[in-house]
Amino acid sequence: MTPTRAELATRLVEAGHQIPSGVPGVYGRSGEFEAILTGVSQAFRGLREQPAEVVQFPPVVPVGSWLKTDYLESFPQLAGALHVFSGTDKDHRAMVATQVAGGEWHEHLHPSELMMVPAGCHPLYPMLAGGLPQPRRFDLMAHCFRHESEEDPLRMVTFRMHEQVYAGEPDGAIEHRELWLGKLVDLLRGLGLEVEVDVANDPFFGRAGRMLASGQREEALKFEVLSLVAGESPTAIASGNAHRSHFGENFGITLTDGSPAHTSCAGIGLERTTIALLARHGMATSEWPAEVRKRLGL
Ligand code: ZN
């Protein structure tokens with residue numbers, strides 16, 4: 001029987017794997033936790049059959065690029081903006097005085113030109129702007145931020161996603177997603193997790209969002225790899241997305257015939273997968289099945 005989400009949260013903290021920060025969804029992590037996570041990430045990378053360019057981006061993205069992803073229209077409730085102080089000495093004194101008095105000191109801050117990265121592959125697309133003479137594949141690991149307010153050990157505000165991304169022809173994009181969904185399922189089953197694939201149900205915001213959500217479902221653009229980790233409903237621990245020409249159009253990525261490039265990505269949630277493994281095999285990796293330990297280099 002799977003534990004409840006609250007039970008799992010307590011176990012993770014008691015075992016020292018998750019160090020609560022006081023804010024739901026934001027945790028420190030143990031060395032053992034990080035060793036599992038690194039093993040998962042490397043096992044995922046090891047499944048590549050074709051060469052991919054390995055790239056790495058910071059956890060923040062310029063606001064202009066962020067707007068081109070249409071995240072503002074789709075998921076405003078999950079977005080995170082960075083605000084900074086850029087005032088004078090006088091403004092600084094006023095801000096400190098406001099804080100000391102228990103007031104709204106944040107009002108002295110101003111929006112910076114940066115947003116938090118909400119999805120692994122988003123920072124990649126600006127670098128592809130222009131002509132794409134041939135398909136390109138990328139392997140990237142990203143620190144993501146989503147303003148999740150629910151207290152749930154599987155719903156994190158900051159987390160890492162390892163993705164394999166494709167940019168090129170329409171058929172190639174769908175093939176890439178299918179290939180990697182299959183690989184993800186095999187990898188996770190090989191690690192002892194019970195998983196199934198289903199069409200995704202993303203939390204698009206508001207009335208307009210309901211239309212986006214039904215379009216996503218009808219066109220089967222996104223699939224999730226689900227596993228029952230805790231509680232009664234399964235959790236998505238990996239996914240495969242076909243974006244069609246959405247990013248190609250918005251970022252001006254064009255194929256040789258002038259049409260917009262198609263993109264797709266498949267990604268694994270590294271913290272969620274690590275927690276799924278801890279829930280499945282126990283809190284001490286020394287007691288895990290030898291095969292799983294070997295696969296993860298533990
Ligand atoms: Zn992606």
Side-chain angles (χ1 to χ4, degrees), residues 1-20 24-47 120 141-144 146 148 150-164 180-198 200-202 222-240 266-298:
M1 215 182 96
T2 54
T4 65
R5 292 185 178 225
E7 280 164 359
L8 177 60
T10 305
R11 276 184 216 174
L12 288 164
V13 172
E14 282 176 358
H17 291 313
Q18 293 219 134
I19 304 156
V26 181
Y27 305 98
R29 302 252 156 63
S30 69
E32 199 176 0
F33 188 102
E34 288 298 304
I36 304 164
L37 184 144
T38 303
V40 170
S41 181
Q42 284 174 352
F44 178 61
R45 179 165 283 168
L47 300 174
M141 205 267 283
H143 279 266
C144 303
R146 288 183 198 167
E148 301 275 12
E150 250 179 274
E151 193 147 354
D152 175 343
L154 293 160
R155 215 166 264 290
M156 275 152 293
V157 171
T158 68
F159 56 93
R160 283 160 283 180
M161 237 157 117
H162 192 155
E163 291 197 17
Q164 304 292 334
W180 277 97
L181 266 175
K183 285 178 182 291
L184 279 163
V185 166
D186 290 347
L187 171 68
L188 295 165
R189 286 190 180 146
L191 294 173
L193 298 176
E194 280 176 32
V195 297
E196 59 183 51
V197 175
D198 201 0
N201 216 349
D202 271 346
K222 177 171 178 178
F223 287 91
E224 289 176 329
V225 182
L226 300 156
S227 184
L228 186 60
V229 181
E232 282 160 19
S233 52
T235 298
I237 56 177
S239 68
I268 182 163
L270 296 174
E271 281 84 357
R272 280 190 177 182
T273 302
T274 301
I275 292 172
L277 289 165
L278 286 163
R280 173 76 181 85
H281 299 303
M283 293 292 143
T285 52
S286 55
E287 290 162 20
W288 284 17
E291 202 183 316
V292 175
R293 289 168 52 86
K294 190 171 162 223
R295 194 93 194 262
L296 298 176
L298 296 171

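Values below: all heavy atoms of this structure, side chains included; hydrogens, waters and symmetry mates excluded.
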Open item on the list: Between Leu270 and Met141, is the side-chain contact (heavy atoms from CB on, under 4.5 Å) condition met? List the steps.
Closed with: CA-CA 9 Å; Leu270 296 174; Met141 205 267 283; 3.9 Å; yes

Can a donor-acceptor pair be found, under 3.5 Å and without considering hydrogens, that links the side chain of [X] to the backbone of [Y]?
X	Y	value
Thr274	Ile36	no
Arg272	Leu154	yes
Lys222	Ala200	no

TODO: Check whether any side-chain heavy atom of Ile268 lies under 4.5 Å from a side-chain heavy atom of Ile237, and answer yes or no.
DONE: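 A side-chain contact under 4.5 Å is absent here.
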
TODO: Can you label the angle between the Phe33 ring and the His17 ring as parallel, tilted or perpendicular, going by 30° and 60°?
DONE: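 Rings of Phe33 and His17: tilted, 30 to 60°.
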
- [ ] Taking side chain to side chain contact (heavy atoms under 4.5 Å, CB included) as the test, write out the residues that go with Glu34, two or more places apart.
- [x]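 Counting only residues at least two positions away or on another chain, Glu34 forms a side chain to side chain contact (heavy atoms under 4.5 Å, CB included) with Arg29, Leu37, Arg160.
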
Open item on the list: Quick check on Glu7: does its CD atom have over 12 non-hydrogen neighbours (other residues, nucleotides or ligands) under 6.0 Å away?
Closed with: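 Yes, because the 6.0 Å sphere around CD of Glu7 holds more than 12 heavy atoms from other groups.
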
Task: Taking every non-hydrogen atom, the tightest pair across Gln18 and Pro20 - done: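 So the two residues come closest at O-CD, 3.6 Å.
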
Task: Minimum-distance pair of heavy atoms, taken over all atoms of Ala276 and Leu193 - done: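 Minimum heavy-atom separation between Ala276 and Leu193: O-CD2, 3.6 Å.
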
TODO: Could you walk me through whether Phe44 and Trp180 pass ring-ring contact (aromatic ring centres under 6.0 Å, His included), step by step?
DONE: CA-CA 10 Å; Phe44 178 61; Trp180 277 97; 5.2 Å; yes

Show me the side-chain donor-acceptor pairs of residues 282-298 shorter than 3.5 Å, one per line, residues at least two apart or across chains.
from: Thr285; atom 1: OG1; to: Glu32; atom 2: OE2; distance (Å): 2.5
from: Trp288; atom 1: NE1; to: Gly282; atom 2: O; distance (Å): 2.8
from: Arg293; atom 1: NH1; to: Thr285; atom 2: O; distance (Å): 2.7

- [ ] Check whether the side chains of Arg5 and Thr235 place a donor and an acceptor atom closer than 3.5 Å, and report yes or no.
- [x]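 Side-chain D/A pair, Arg5 to Thr235: present.
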
